[in-house]
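Sequence positions, counted from 1, serve as the residue numbers for this chain.
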Amino acid sequence: MPVEEFVAGWISGALGLVLGYPFDTVKVRLQTQTTYRGIVDCMVKTYRHESLLGFFKGMSFPIASIAVVNSVLFGIYSNTLLALTATSHQERRAQPPSYTHIFIAGCTGGFLQAYFLAPFDLIKVRLQNQTEPRAKPGSPPPRYRGPVHCAASIFQEEGPRGLFRGAWALTLRDTPTMGIYFITYECLCHQSTPEGQNPSSATVLVAGGFAGITSWVTATPLDVIKSRMQMAGLNQRAHRGVLDCIVSSARQEGLGVFFRGLTINSARAFPVNAVTFLSYEYLLHLWQ
């Protein structure tokens, strides 16, 4: 099994993560807290109360973990396409795979990514939701002192299953979404590139950016449910399942709640995924 796709996926995932993390923090807080009037209000309050560092809470852990999960997504996607079409990454421009194969490979990558991602994403969301300012002498410490302490606390207080809280919502979010993600990217690259040639850097940037926007428009409703289920255990109020969380959220806050964070998701999706795909394609081309 070629390993270049896994390595390129990790590096490109890390670059995209660093670029989009502050927006991700704002998105998570908007989805799980009701104290903000909107994106600007959340950003201003975070900066005033926690300084610039507040936007990067918990980032060191995703760099080491969630970026690795991105390598699983790209590695599984590419190797599933290899199994379905018997063509390597560099051969696919001359022999483009069908959109059915692309969708199946993307869904496979999304499903397996969610399996690996669930505990890491839970810890990231819990750390991002800590709104305490940077610790000062004499001030009470935050609930979680870091990712390891967060994982240990969840395990102790909520049991082993607590580390996989929201995993079903995450799986339902990522499985079809990643199929749509890769179809959008490959379709735009194919339509904008002469037959048999590699797409230009500009094409990759635009295709990757629009793939990110399309996937997040699809994913946001379940992303809201996923984040709420992950935070429910902190308040000792566990939902009975994905459907229960959907129904209770709709009853309490209306249908608009499922699109909370959509604007900032879309805004960060374009640059993050443009950089992710450009670095991924560049690295694979460099190693050929």
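Under the 4.5 Å side-chain criterion, counting only non-hydrogen atoms from C-beta, Leu53 is not in contact with Lys57. Val26 is not listed as a side-chain neighbour of Thr46, based on a closest heavy-atom distance of 4.5 Å or more. Using a 4.5 Å heavy-atom threshold, the side chains of Thr218 and Pro176 count as separate. Glu50 places none of its side-chain heavy atoms less than 4.5 Å from the side chain of Phe56. Between Asn129 and Val28, some side-chain heavy-atom pair lies under the 4.5 Å cut-off. Two residues are said to be in side-chain contact when any heavy atoms from C-beta on lie closer than 4.5 Å; Ser215 and Thr184 fail this criterion. Looking at Pro271 and Leu19, their side chains come closer than 4.5 Å, going by heavy atoms from C-beta outward. Between Ile154 and Tyr144 the shortest side-chain heavy-atom distance falls below 4.5 Å.
For CZ of Phe55, the number of neighbouring non-hydrogen atoms (other residues, nucleotides, ligands) closer than 6.0 Å is greater than 12. For Phe116, the CZ atom counts as loosely surrounded, since its 6.0 Å shell holds 12 or fewer non-hydrogen atoms of other residues, nucleotides or ligands. By the 6.0 Å contact criterion, CZ on Phe210 is open, its count of non-hydrogen atoms from other residues, nucleotides or ligands being 12 or less. For CZ of Phe23, the number of neighbouring non-hydrogen atoms (other residues, nucleotides, ligands) closer than 6.0 Å is 12 at most.
Trp216 and Ile225 are assigned to two separate hydrophobic clusters, defined by single-linkage of ILVMFWY side chains at heavy-atom distances under 4.5 Å. Taken together through direct or relayed side-chain contacts under 4.5 Å among Ile, Leu, Val, Met, Phe, Trp and Tyr, Val247 and Leu172 form parts of separate hydrophobic clusters. At a threshold of 4.5 Å between side-chain heavy atoms, the hydrophobic network of Ile, Leu, Val, Met, Phe, Trp and Tyr places Tyr185 and Leu84 in two separate groups. Hydrophobic clustering, with ILVMFWY side chains joined whenever heavy atoms are under 4.5 angstrom apart, groups Leu52 together with Tyr21. A chain of hydrophobic side-chain contacts below 4.5 Å, direct or via other Ile, Leu, Val, Met, Phe, Trp or Tyr residues, connects Val217 to Ile246.
Of the possible polar contacts, none joining the Arg165 side chain to the Pro119 backbone as a donor-acceptor pair under 3.5 Å is found. Checking side-chain atoms of Asn70 against main-chain N and O of Gly9 turns up a donor-acceptor pair under 3.5 Å.
For the residue pair Arg143/Ser153, the side-chain donor-acceptor check at 3.5 Å is not satisfied. If you check the side chains of Gln31 and Ser227, you find a donor sitting under 3.5 Å from an acceptor.
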Side chain to side chain contact (heavy atoms under 4.5 Å, CB included) between Asn198 and Glu281, worked out: CA-CA 10 Å; Asn198 290 321; Glu281 295 282 4; over 6 Å; no
Evaluation steps, side chain to side chain contact (heavy atoms under 4.5 Å, CB included), between Asp174 and Leu117: CA-CA 10 Å; Asp174 281 0; Leu117 179 61; 4.0 Å; yes
Check against side chain to side chain contact (heavy atoms under 4.5 Å, CB included), Ile180 and Thr214: CA-CA 8 Å; Ile180 295 169; Thr214 303; 3.7 Å; yes
Worked verdict on Arg126 versus Glu157 for salt bridge (charged side-chain N to carboxylate O under 4.0 Å, His left out): CA-CA 14 Å; Arg126 292 281 181 94; Glu157 297 168 7; over 6 Å; no
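Residue pairs satisfying the salt bridge (charged side-chain N to carboxylate O under 4.0 Å, His left out) criterion with at least one member in residues 260-274, sequence neighbours excluded, are listed as follows: Asp24-Arg268, Glu253-Arg260. Residues in residues 149-183 take part in these ring pair (Phe, Tyr, Trp, His ring centres under 6.0 Å) pairs, two or more places apart or across chains: Phe74-Phe182, Tyr77-Phe182, Tyr181-Phe277.
Evaluated for a side chain to side chain donor-acceptor pair (under 3.5 Å) with Lys27, the options Thr263, Asp223, Thr220 yield exactly one hit, Asp223.
Annotation for Arg228 and Cys245: closest pair CB-SG, 4.0 Å, computed over non-hydrogen atoms.
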